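Keep in mind it's a predicted model, so treat the numbers as computed, not measured. Residue indices begin at 1 and follow the sequence shown.
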Amino acid sequence: MTVQMFLPRPRLKLVDIPLVFSYNLLFNTGNVIQGLLISLYEDISYLLPKIPAPCLLLWSEKDLATPLNNAQEMAAIIPNSKLITVEEGWHEWGLWYPEKFTSLILDFICQLEQY
């Protein structure tokens with residue numbers, strides 16, 4: 001998060017992200033805490049092979065919170081998954097580059113619809 005403070009888009013980092021985080025913390029406190037505890041203390045990797053739907057993993061090559069090798073491991077375990085990496089951003093790169101993020105998702109959906 002600290003590294004991203006040097007990226008452009010002051011409204012995103014000073015207003016939008018804190019607003020969403022604060023809202024979730026106030027109105028979805030249990031979910032926020034449960035999600036944090038699961039991410040810190042539980043291994044849920046046994047669930048990955050059970051994902052029945054096609055799965056798109058979008059990752060920044062510079063993600064410091066969840067490194068790229070974690071994404072590669074997930075892609076190897078999740079059936080019918082596709083990993084796409086980008087050079088932009090860090091962990092929350094989709095917030096900083098929404099046009100690219102959305103484009104990759106729409107491309108994935110279009111590919112699925114062709115089958």
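No continuous path of hydrophobic side-chain contacts links I51 to L112 [ILVMFWY only; heavy atoms under 4.5 Å]. By the criterion of side-chain heavy atoms lying less than 4.5 angstrom apart, applied directly or through intervening Ile, Leu, Val, Met, Phe, Trp or Tyr residues, I44 is not grouped with L48; the two fall into different hydrophobic clusters. Under the 4.5 Å side-chain contact rule for hydrophobic residues, I77 and L47 do not share a cluster.
Proximity of a side-chain donor or acceptor of K62 to a complementary backbone N or O of E88 within less than 3.5 Å is not detected. With hydrogens and angles disregarded, no donor-acceptor distance shorter than 3.5 Å links the side chain of T85 to the backbone of W59.
Residues in residues 29-43 take part in these side chain to side chain donor-acceptor pair (under 3.5 Å) pairs, two or more places apart or across chains: D43-S45.
Rounding to the nearest 0.5 angstrom, the gap separating the OG1 atom in T102 from the OH atom in Y97 is 14.5 Å. Rounded to the nearest 0.5 angstrom, L58 CG and L104 CG are separated by 5.5 Å. Atoms OG1 and CE, from T66 and M74 in turn, are 6.5 Å apart once rounded to the nearest 0.5 Å. A distance of 9.5 Å separates CG of N24 from CG of L19, quoted to the nearest 0.5 Å. Separating the CG atom in L68 from the CG atom in L83 is a distance of 6.5 Å, to the nearest 0.5 Å. Here the CD1 atom belonging to I78 is positioned 5.0 Å from the CG atom belonging to L57, to the nearest 0.5 angstrom.
Of all heavy-atom pairs between P49 and P79, the closest is O-CG, 3.5 Å. Contact detail for S60 and G89: the closest heavy-atom pair is OG-O, 2.9 Å.
Between W93 and V86 the shortest side-chain heavy-atom distance falls below 4.5 Å.
Within 6.0 Å of the CG atom in L36, the count of heavy atoms belonging to other residues, nucleotides or ligands exceeds 12.
Partners of Y46 by ring-ring contact (aromatic ring centres under 6.0 Å, His included), not counting sequence neighbours: none found.
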